[in-house]
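Within every chain, numbering begins at 1; the chains are lettered A, B, ... in the order of the sequence lines, protein sequences first and strands thereafter.
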2 protein chains.
Amino acid sequence: MVAMEKKNKKQRKRWREKMNDDDDDDDEKVEDEEENEGKNINGGERQREHPFIVTEPGEVARGKKNGLDYLFHLYEQCREFLIRVQVIAKDRGEKCPTKVTNQVFRYAKKAGASYINKPKMRHYVHCYALHCLDEDVSNELRRVFKERGENVGAWRQACYKPLVAIVTRQGWDIDAIFNSHPRLSIWYVPTKLRQLSHSERNNAAIASTSVGINC
Amino acid sequence: MVAMEKKNKKQRKRWREKMNDDDDDDDEKVEDEEENEGKNINGGERQREHPFIVTEPGEVARGKKNGLDYLFHLYEQCREFLIRVQVIAKDRGEKCPTKVTNQVFRYAKKAGASYINKPKMRHYVHCYALHCLDEDVSNELRRVFKERGENVGAWRQACYKPLVAIVTRQGWDIDAIFNSHPRLSIWYVPTKLRQLSHSERNNAAIASTSVGINC
DNA sequence: TTTTAATCCAATGGTTTGAA
DNA sequence: ATTTAATCCAATGGTTTGAA
């Protein structure tokens with residue numbers, strides 16, 4: 001189990017380095033810091049994951065930070081864990097989950113992906129949704145918020161607006177939008193996004209009434 | 001609320017009578033008994049629903065009994081309650097159930113359908129499944145078990161065998177079978193039926209191995 | 001004994017809380 | 001102050017239990 005975690009740590013490091021292949025400066029420093037992943041030099045367990053910072057597409061976070069490509073990669077990892085859980089369930093003739101459930105998070109943890117947890121994944125689902133549904137808009141938002149020096153919380157909040165615009169264009173049915181996208185369909189629609197979509201539908205209805213369309 | 005239940009009682013009586021339109025004998029007696037539905041003559045609440053008996057297709061149970069057409073009708077009623085819950089949920093922008101959930105059973109009860117409850121509906125789901133998937137086989141089984149004078153429990157048990165035969169013919173994927181049928185897809189696959197389907201797949205795999213197909 | 005339905009239970013989706 | 005993740009909670013799917 002300890003061995004598995006160590007192997008996994010190296011895989012994660014490799015994933016982040018591959019994003020940085022043709023960028024040599026600072027590599028030593030980054031490596032030093034990343035060798036301390038999982039445990040610190042004193043042998044104590046590292047308490048929590050490095051916080052996310054707003055990065056441009058393709059940019060790797062330096063220092064004790066994680067970038068947004070890495071955040072989105074975690075969603076892809078969860079999808080892979082779900083698929084593995086589904087294969088096992090079907091093989092055993094058991095109920096087969098269609099979404100990333102508690103069972104999948106538990107499986108991910110047991111498989112050594114201790115850096116994945118439910119509150120974190122749920123917290124950023126709508127950001128991942130924007131990335132899936134309109135990568136160009138998502139990328140542009142990241143560039144703008146990075147340039148302005150905004151923190152992750154501000155970027156996360158800002159993801160709602162372009163998302164709701166997409167939902168509105170497609171008839172306010174957020175469930176249909178999630179379900180019809182192969183990578184998004186495995187995630188529960190976040191409550192706040194559902195509420196925003198519904199409010200927007202009501203606003204549109206009121207607007208069209210006041211303009212006389214329904215009179 | 002009391003008024004709603006009374007109206008509902010009359011609707012249920014009417015449904016059972018319409019099955020019996022061109023069969024006049026005993027009508028008075030049946031009516032007398034059915035007037036006591038819900039409450040008895042002493043004003044106390046009736047304790048439980050009349051038990052089911054094995055009836056032929058089209059046959060109405062006499063006396064303090066319910067027939068199998070009525071049982072299957074309860075599944076259709078649940079479907080209607082689900083649809084109403086779905087309309088309300090969508091209108092409010094809330095999460096929309098795709099299955100008959102606790103929420104739907106609660107709604108049915110509040111709507112006056114106190115004769116619908118979860119354990120009962122779950123108990124007979126596979127019988128309803130056979131009725132949906134092969135009505136001819138289902139009807140024939142009812143006739144045979146009625147003629148033999150078998151009780152409901154024996155009929156219920158007997159429904160598994162022809163169902164598993166159907167599942168086997170279609171590749172042992174009970175979830176796919178339920179999901180692809182419009183009236184069945186709203187019901188959870190019963191655990192025992194899932195297990196039987198899986199066992200049958202294993203049996204088939206072993207059989208084909210011993211015959212040399214996989215050697 | 002057969003059949004019904006209230007009751008219970010572990011595990012869920014969802015969120016709050018407080019630690020770092 | 002920002003961000004992470006352990007903890008908690010009501011409501012769920014599923015079943016057992018015991019009443020009729």
Take atom [atom1] of [X] and atom [atom2] of [N], then tell me their distance rounded to the nearest Å.
{"X": "A:Leu68", "N": "D:dT3", "atom1": "CG", "atom2": "C1'", "value": "14 Å"}
{"X": "A:Arg122", "N": "C:dT12", "atom1": "CZ", "atom2": "C1'", "value": "10 Å"}
{"X": "B:Trp187", "N": "D:dG13", "atom1": "CH2", "atom2": "C1'", "value": "13 Å"}
{"X": "B:Lys192", "N": "D:dT16", "atom1": "NZ", "atom2": "P", "value": "12 Å"}
{"X": "A:Asn117", "N": "D:dT7", "atom1": "CG", "atom2": "P", "value": "12 Å"}
{"X": "B:Asn66", "N": "C:dT4", "atom1": "CG", "atom2": "C1'", "value": "12 Å"}
{"X": "B:Glu94", "N": "C:dG13", "atom1": "CD", "atom2": "P", "value": "19 Å"}
{"X": "B:Ile53", "N": "C:dT3", "atom1": "CD1", "atom2": "P", "value": "11 Å"}

Can you figure out which of [options] approaches the side chain of [X] most closely?
{"X": "A:His123", "options": "D:dT4, C:dG14, C:dG13", "value": "D:dT4"}
{"X": "A:Tyr124", "options": "C:dG13, D:dT3, C:dT15", "value": "D:dT3"}
{"X": "B:Asn151", "options": "C:dT2, C:dA5, C:dT15", "value": "C:dT2"}
{"X": "B:Lys109", "options": "C:dA6, C:dG14, D:dT3", "value": "C:dA6"}
{"X": "A:Tyr188", "options": "C:dG14, C:dT15, C:dT4", "value": "C:dG14"}
{"X": "A:Pro51", "options": "D:dT3, D:dG14, C:dT4", "value": "D:dT3"}
{"X": "A:Arg106", "options": "D:dT12, C:dT12, C:dT4", "value": "C:dT12"}

Let me know, please, whether A:Ala154 or B:Lys99 comes out on the 5' side of the other along DNA chain D by nearest nucleotide.
->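 Taking each residue's closest nucleotide, the earlier one in sequence belongs to A:Ala154.
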Please confirm whether the backbone N or O of [Y] pairs with a side-chain atom of [X], one donor and one acceptor, at under 3.5 Å?
{"X": "B:His198", "Y": "A:Lys90", "answer": "no"}
{"X": "B:Ser197", "Y": "B:Leu193", "answer": "yes"}
{"X": "B:Lys120", "Y": "B:Tyr115", "answer": "yes"}
{"X": "B:Ser185", "Y": "B:Ser180", "answer": "no"}
{"X": "A:Gln86", "Y": "A:Pro97", "answer": "yes"}

For A:Pro119, which contact category applies under a 4.0 Å heavy-atom criterion: base, sugar-phosphate, or nothing?
->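 Base: the residue A:Pro119, judged by heavy atoms under 4.0 Å, touches a nucleobase.
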If you look at every strand shown and take non-hydrogen atoms under 4.0 Å, does B:Arg156 touch a base, only sugar-phosphate, or nothing?
->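 Contact class for B:Arg156: none.
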Check this one for me: any side-chain N or O of [X] less than 4.0 Å away from OP1 or OP2 of [N]?
{"X": "A:Lys120", "N": "D:dA5", "result": "yes"}
{"X": "B:Thr191", "N": "D:dT15", "result": "yes"}
{"X": "B:Lys95", "N": "C:dG14", "result": "yes"}

Searching all strands shown, indicate the nucleotide that pairs with C:dC8 (Watson-Crick or G-U wobble; both distances under 3.5 Å).
->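 Pair assignment: C:dC8 / D:dG14.
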Counting only Watson-Crick or G-U wobble pairs whose two distances fall under 3.5 Å, which nucleotide matches C:dT1?
->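 Pairing partner, where one exists within any strand: none, as none qualifies.
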Look at atom CD of A:Glu76 and say whether more than 12 heavy atoms of other residues, nucleotides or ligands are closer to it than 6.0 Å.
->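 Count over threshold, so yes.
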B:Lys99 NZ: over 12 foreign heavy atoms closer than 6.0 Å =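 Enclosed.
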Among A:Phe145, A:Phe72, A:Tyr124, find the residue that satisfies the ring-ring contact (aromatic ring centres under 6.0 Å, His included) test when tested with A:Phe52.
->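 When ring-ring contact (aromatic ring centres under 6.0 Å, His included) is applied between A:Phe52 and each of A:Phe145, A:Phe72, A:Tyr124, only A:Tyr124 qualifies.
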Could you list all N or O pairs between the protein and nucleotides 17-20 of chain C that sit under 3.5 Å apart?
| from | atom 1 | to | atom 2 | distance (Å) |
| --- | --- | --- | --- | --- |
| C:dA20 | N3 | A:Arg48 | NH2 | 2.8 |

